[in-house]
Amino acid sequence: MKSMTRVALITSGGDCQGLNAAIRGIGKALYHKLDNIEIFGMYDGYRGLVDSDYVFMSEMSFSGILTQGGTILGTSRLDYIPGKDIIDENGNSLIPAMKDTYNRLGLDCLIIMGGNGTQKSAKLIMDAGMNVITLPKTIDNDIFGTDTTFGFQSAVDIATNVIDYIHTTASSHGRIFVVELMGRDAGWLTLSAGISSGADAILIPEIPYDVNSVAAMIEARKKAGKNFSIVACAEGAVPKDEEKLSEEESRRKREASIYPTVSYKLAADLKELTGHDTRVTIPGHYQRGGPPCPRDRELATRFGVEAANLIINKQYGRMVALKGDVITSIPLEEAASKTKFLPVDHPLIQMARDLGICMGD
Ligand code: F6P
């Protein structure tokens, strides 16, 4: 009789669309391809692994969840010291408790679905002697080593739809709208949604913006008879005069500001410079909610099935990835080594410039 394979599934960090599709892809493929398989689902991300809070997942657990948003397992964020440890609020290491659950359940591998932070903490778990396979999920699309993450396209669809709707009211009233989209560090979502919705300016963290060039674009549109303008602004966009500040200085500046987010400051500055009536719209976590779009259902399923194949072949320590149109995998240490920022010479940025979209510089 073939030996039993035991794995545990974990969804960690901020949720996104497609997590349940990925869970389903892993579970269905493992049950389909292996005779002896036990799958556990850890509740609320790493917390379940730390507290031994889990559920046994039968074949039935993977039915009827393809189209559901969020994650049926729940998720959470944990603190980690980069390259060193995963810790609780008192600074104590959580890795021994994780290892305890792992050993007690006799696990062969953890399958961890997460964003940038999760790839880094998964690498720490691997270094502590547990087998790990990861899947790249995030609406930010900023995980190194994969062309796309699941969750990204669904968020682009929602953000595009928000700007489409804003267009009609902006045009009726002749107003400037600043639409703030998610993305603290990387501008993939804002760039893609901005281009797809016909935004007039696109401001991303990778290109510090000068408010005067945004104002000049608005004035130019006014002269051309266009009475409204739409600025797609990433939550992590930085004004040029703050570009050189350290992380600590930026944090203090933000805390001292009368504006709750970058978009409110930008809107106030644009009103002062142009005299135009200006509004801010922030869809926020709405961008991460609801069912995955078909493209994310497909991508998450493909990633899930690839993760199952890695388990079957005992190829641990890898993150599944999309390269071109091919699903593959890369060493986890590579995926965890850096963030995939949007290159400032990316063809889409050049295309946006060619179209006359203001990139803020
Ligand atoms: O990483 C995904 C993301 O949605 C970012 O775009 C955003 O900055 C952040 O998570 C929000 O985090 P939280 O869910 O903790 O508010």
Side-chain angles (χ1 to χ4, degrees), residues 10-20 22 44-47 69-71 73-80 82 86 89 112-122 134-146 148-163 178-194 202-207 232-238 247 250-251 254-255 257 259-266 280-293 296 299-300 303 319 335-336 338-342:
I10 296 176
T11 52
S12 165
D15 72 344
C16 71
Q17 302 90 339
L19 280 166
N20 291 324
D44 303 338
Y46 291 134
R47 189 200 62 75
T71 158
L73 294 174
T75 186
S76 61
R77 292 190 195 276
L78 278 187
D79 279 341
Y80 65 96
I86 305 173
E89 60 281 7
I112 305 174
M113 289 152 260
N116 248 320
T118 297
Q119 304 302 327
K120 293 188 172 73
S121 43
T134 67
L135 281 73
K137 67 96 231 202
T138 166
I139 66 167
D140 296 342
N141 196 34
D142 60 352
I143 299 181
F144 183 74
T146 183
T148 317
T149 55
F150 65 86
F152 174 63
Q153 191 57 53
S154 303
V156 169
D157 290 359
I158 293 173
T160 302
N161 188 252
V162 168
I163 301 181
V178 180
V179 182
E180 183 177 302
L181 302 177
M182 274 189 167
R184 277 170 303 199
D185 305 316
W188 296 99
L189 171 57
T190 304
L191 179 66
S192 187
I202 298 177
L203 309 181
I204 57 174
E206 292 88 344
I207 304 179
C233 175
E235 62 179 325
V238 227
E247 231 174 82
S250 303
R251 192 184 55 78
R254 258 197 325 272
E255 280 170 10
S257 170
Y259 302 106
T261 70
V262 62
S263 293
Y264 284 95
K265 160 113 179 75
L266 176 64
V280 173
T281 294
I282 305 183
H285 290 78
Y286 182 68
Q287 293 162 94
R288 273 181 12 201
C293 66
D296 276 338
L299 183 62
F303 280 159
M319 181 188 82
K338 48 186 156 184
T339 300
K340 188 183 75 181
F341 298 109
L342 185 43

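Order of appearance sets the numbers: ligands from 1, and atoms from 1 within every ligand.
Ser154 contributes a side-chain N or O that, together with a main-chain N or O of Cys293, makes up a donor-acceptor pair within less than 3.5 Å. Although no hydrogens or angles enter the test, the distance criterion places no donor-acceptor pair under 3.5 Å between the side chain of Trp188 and the main chain of Thr148. A donor-acceptor distance shorter than 3.5 angstrom exists from the side chain of Gln287 to the backbone of Met182, with no hydrogens or angles considered.
In terms of protein heavy-atom proximity, atom 4 (O) of ligand 1 is nearest to Arg288 NH1, 2.9 Å. Protein heavy atom closest to atom 12 (O) of ligand 1, with residue, atom name and distance, is Arg77 NH2, 3.0 Å. The closest protein non-hydrogen atom to atom 7 (C) of ligand 1 is Glu235 OE2, 3.2 Å. In terms of protein heavy atoms, atom 6 (O) of ligand 1 is closest to Asp140 OD1, 2.7 Å.
The shortest non-hydrogen separation linking Asp185 to Phe341 is O-CD2, 3.5 Å.
Distances from ligand 1 to the non-hydrogen atoms of Gly183 include at least one value under 4.0 Å.
Counting only heavy atoms from C-beta outward, the side chains of Asn116 and Thr138 never approach each other to under 4.5 Å.
Under 4.0 angstrom from ligand 1, there are no non-hydrogen atoms of Asn116.
To the nearest 0.5 Å, atoms CG (Asn141) and OG1 (Thr149) are separated by 4.0 Å.
The Arg184 neighbourhood of ligand 1 comprises atoms 1 (O), 8 (O), 9 (C), 10 (O), with distances under 4.0 Å to a heavy atom of that residue. Every atom of ligand 1 with a heavy atom of His285 under 4.0 Å away is listed here by number and element: 13 (P), 14 (O), 16 (O).
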